[in-house]
Amino acid sequence: MEIKGASHFIQDIIEKDLESGKHDTVITRFPPEPNGYLHIGHAKSICLNFGLAEKYGGRCHLRFDDTNPRKEDPEYVHSIMHDVEWLGFHWGDHLYYASDYFGEFYRYSLQLIKQGQAYVCSLSPDEIRSYRGTLTEPGINSPYRKRSVQENLELFQEMKKGSFKEGEYVLRARIDMASPNINMRDPVIYRIIHAWHHRTRDAWCIYPTYDYAHCLSDSIEGITHSLCSLEFQDHRPLYDWFLEQLGVSCHPQQIEFARLNLNFTVMSKRKLTQLVQSGHVSGWDDPRMPTISGLRRRGYTPESIRRFCDLIGVAKSDNVVDMSMLEYCIREDLNKRAPRYMGVINPLKVVITNYPQESSEELPAINNPEDEAMGTRNVPFSRVIYIEAEDFREDPPKKYFRLAPGREVRLRYAYFITCQEVVKDQETGRILELRCTYDPATRGGDSPDGRKVKGTLHWVSAGHAVRSGVRIYDRLFSRPNPIQDEKKGLALNDTLNPASLQEQQGCMMEPAVKGLKPGDILQFERLGYFCVDPESTPASPVFNRTVSLKDTWAKIEKKMQG
RNA sequence: UGGGGCGUCGCCAAGCGGUAAGGCAACGGGUUUUGGUCCCGUCAUUCGGAGGUUCGAAUCCUUCCGCCCCAGCCA
């Protein structure tokens, strides 16, 4: 068995359980509530749960935790299934819904009532809250706590029949109103909700709460290790209480780990929903979103996300992982896989004055220097080309070794050219075009006399260029920890990065990009990794920049500017 | 200060009584027809603080400090 991925405390627990014979297999589950799209924090959980099951030859269930019909929607179950599959994980026959167990949950609650461990409470929500006490004061017993088993049974059945309005009655576990753990102060386990459920339709009007439903779902499915995030640590005694009182044969072990936080973004479904609904982003799959669908549209690969989840590890301390870690992972993957093209985002016209008029030629270019098997392609060259505006400076600073008046540079896979003249708009002084000469002896980019050139530029032949749109993305927020800022009183809206999306029109790409389809990944040499947006059409191609290449020059320039 | 957790390099994170892994970032240098990739090197005498136990402590004990979570009929 190949053991990959760093070891961590959960793995240690599993290995001990396997060695001791407590378990002979590992059964985990990924239990999303279908009330929103999955984000990279979920990816961490997915990789953990499915990864562990895979590693130890067990299995991982996909279970929709659909116990609150008010919030859930089939749209979300579809997107979740798609995202999990896209990440490369398989649940096989093990697709479940907590709602499949509503009948069992109900029978178990009857058992609790009969055992005197659950009662129907007629307190209003407000009253329940005030009876619960506070962090430092114990709660007070509900006056309904001592209803007879018979009365409880009858009332609960009436609840189930739909005889009551929402909020009039709840079923509560009878535990300990004085417990220092607030979760143990007679928690609500069933509430009345008159709403249409996406699966059980109108079969039920009472719905179990998370604490009650989750442990039982795990138990019913024979889960061995139930992994969840840190905020559920306080719920573990409750998880164990239900399973013990009910005497079930399978009692999974709940283990908590720290959820993922990434800087310059937010990671809660609620906040993400806000961004979508407020129109600050175009949708759940906006490439700036940390959602799986957003990352996918941004050009992230499943492999890069899994690698990322591997690298960040699993522990119990609160963490905020640096975005650069994610960017490292996608660059690492795409460097090996992305075919290279040349494209110019901000075109600057260059006329090669000594190149024959009306003539052109095809020059071979390597598709991926990291993978010879990807072969070569031909790139057309002609008298008029575009280069990146940034690659020319009339008054070049120190260490700038791109094009400047009188300077010679290499056009990648083409020729050495020398800038002879800068043509400007008479009135505005704006640079309109460059007039250069080329050295025919340097065809392909090598000089027979061995003379060196410091810069190599990408370029596109004007007459052959494919006019395209490019979307450059930046971090969604301008501050590293928007949630912490929010707690200090800074509104989320005010910490959004106003320049997180920059749309460029009139970009010029080499003709070979015509062969690309929506979703395809590529590198525009010297610019970064891109993918073809789903909205892209042959008549109007659109490229999303996934991530830039590392840019040493930008760093030098920044440093020089202080 | 009721309960539950967590504090090891700027960010993740190993370490489980034998003398501080690794990755990201950063910074030097080499190679290079992508200022990319790749390669090589630097980067915690110190593990939140203070005591103590021990031949020996990030690891054990005491105490203090800081941060996170919990008072939904959300999950």
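What you see is a predicted model, and the numbers here were worked out from it, not measured in a lab. These numbers come from the heavy atoms of this one structure, side chains and all, not from hydrogens, waters or symmetry mates. Throughout, protein chains are lettered first and strands after them, A, B, ... in sequence-line order, and every chain is numbered starting at 1.
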Check the phosphate of B/C69 against A/Lys487, side-chain N and O only, distance under 4.0 Å to OP1 or OP2. Yes or no? yes

Test: A/Lys160 cationic atom under 6.0 Å from A/Trp204 six-membered ring centre, within 45° of axis: yes

Just the rounded figure in Å: distance from P of B/G22 to CG of A/Leu311. 15 Å

Rounded to whole Å, CG of A/Asn335 lies from C1' of B/C38 at a distance of 9 Å

What contact category does A/Tyr413 fall into here, base, sugar-phosphate, or nothing, at under 4.0 angstrom with non-hydrogen atoms? base

For nucleotides 15-18 of chain B, print each protein N/O atom paired with a nucleotide N/O atom at under 3.5 Å, atom names and distance only.
none

Can you tell me how far P of B/G36 sits from CZ of A/Arg545, to the nearest Å? 16 Å

Under 3.5 Å donor-acceptor pair, A/Arg331 side-chain atoms to B/G36 base atoms: no

If you check the A/Thr456 side chain, which of B/A13, B/C12, B/G35 turns out closest? B/G35

If every non-hydrogen atom of A/Gly167 is compared with every non-hydrogen atom of A/Pro125, which pair is closest and at what distance? O-CD, 4.0 Å

Looking at every strand, decide which applies to A/Gln523 at a 4.0 Å heavy-atom threshold: base, sugar-phosphate, or nothing. base

Of the listed B/C68, B/A25, B/C11, the closest approach to the A/Ser324 side chain comes from B/A25

Just checking, is any N or O donor in the side chain of A/Glu33 or A/Asn35 under 3.5 Å from an acceptor N or O on the other one? yes

Looking across every strand, which nucleic acid part, if any, lies under 4.0 Å from A/Tyr207 by heavy atom: base, sugar-phosphate, or nothing? nothing

Would you please name every residue forming a salt bridge (charged side-chain N to carboxylate O under 4.0 Å, His left out) with A/Arg412, sequence neighbours left out? A/Glu525

Choosing from B/A75, B/U34, B/G4, which nucleotide comes nearest the side chain of A/Asp234? B/G4

Which residues in residues 364-373 of chain A have at least one heavy atom lying under 4.0 Å from any atom of RNA chain B? A/Pro369, A/Glu370

Please list, chain by chain and in numerical order, all residues satisfying ring-ring contact (aromatic ring centres under 6.0 Å, His included) with A/Tyr169, sequence neighbours excluded. A/Phe164

Side-chain N or O of A/Lys452 versus OP1/OP2 of B/U32: is the shortest distance under 4.0 Å? no

Any protein N or O atoms within reach of nucleotides 71-74 of chain B? Criterion: under 3.5 Å, listing atom names and distances.
| unit_1 | atom_1 | unit_2 | atom_2 | d |
| --- | --- | --- | --- | --- |
| B/A71 | O3' | A/Arg132 | NH2 | 3.4 |
| B/A71 | O2' | A/Arg132 | NE | 3.2 |
| B/G72 | OP2 | A/Arg129 | NE | 3.4 |
| B/G72 | OP2 | A/Arg132 | NH2 | 3.0 |
| B/C73 | OP1 | A/Arg132 | NH2 | 3.2 |
| B/C73 | OP2 | A/Arg132 | NH1 | 3.1 |
| B/C73 | N4 | A/Leu123 | O | 3.1 |
| B/C73 | N4 | A/Pro125 | N | 3.2 |
| B/C73 | N4 | A/Gly167 | O | 2.8 |
| B/C74 | OP2 | A/Arg191 | NE | 3.2 |
| B/C74 | OP2 | A/Arg191 | NH2 | 2.7 |
| B/C74 | O3' | A/Arg191 | NH2 | 3.2 |
| B/C74 | O2' | A/Lys71 | NZ | 3.3 |

Tell me: CG of A/Leu230 to C1' of B/C70, nearest whole Å? 12 Å

After noting the C-alpha distance and the side-chain angles of A/Ile182 and A/Arg132, does the key distance pass the side-chain contact (heavy atoms from CB on, under 4.5 Å) rule? CA-CA 8 Å; A/Ile182 294 181; A/Arg132 185 152 35 222; 3.7 Å; yes

With rounding to the closest Å, how many angstrom separate the C1' atoms on B/C27 and B/U34? 23 Å

Give one of base, sugar-phosphate or nothing for A/Tyr400, where a contact means two heavy atoms less than 4.0 Å apart. base

Any cation-pi pair here, A/Arg199 with A/Phe64, using under 6.0 Å and within 45°? no

Electrostatic pair A/Glu166:A/Arg70 at N-O distance under 4.0 angstrom: yes

Would you mind calling B/G72 syn or anti? Take O4'-C1'-N9-C4 for purines or O4'-C1'-N1-C2 for pyrimidines, and syn is within 90° of 0. syn

Residues in contact with RNA chain B, drawn from residues 253-264 of chain A - heavy-atom cutoff 4.0 Å: none

Answer with base, sugar-phosphate or nothing: what part of the nucleic acid does A/Lys399 contact at a heavy-atom distance below 4.0 Å? base

Please classify the nucleic acid contact of A/His214 as base, sugar-phosphate, or nothing, using heavy-atom distances under 4.0 Å. nothing

Testing B/G23, B/U34, B/U37 for proximity to the side chain of A/Glu525, the answer is B/U34

Distance-only donor-acceptor check, side chains A/Tyr101 and A/Glu221, under 3.5 Å: yes

Of A/Phe381, A/Tyr413, A/Tyr386, A/Phe524, which meets ring pair (Phe, Tyr, Trp, His ring centres under 6.0 Å) against A/Trp459? A/Phe381

Considering every strand and a 4.0 Å limit on heavy-atom distances, what is the contact class for A/Val453: base, sugar-phosphate, or nothing? nothing

Of the listed B/A26, B/C24, B/U34, the closest approach to the A/Leu549 side chain comes from B/U34

Over all atoms of both residues, closest heavy-atom pair of A/Ser79 and A/Tyr37: CB-CE2, 3.4 Å

Ring pair (Phe, Tyr, Trp, His ring centres under 6.0 Å), paired with A/Tyr207, selected from A/Phe105, A/Phe102, A/Trp196: A/Phe102

I need the minimum non-hydrogen distance between A/Pro69 and A/Ile193, along with the two atoms involved. CG-CG2, 4.0 Å

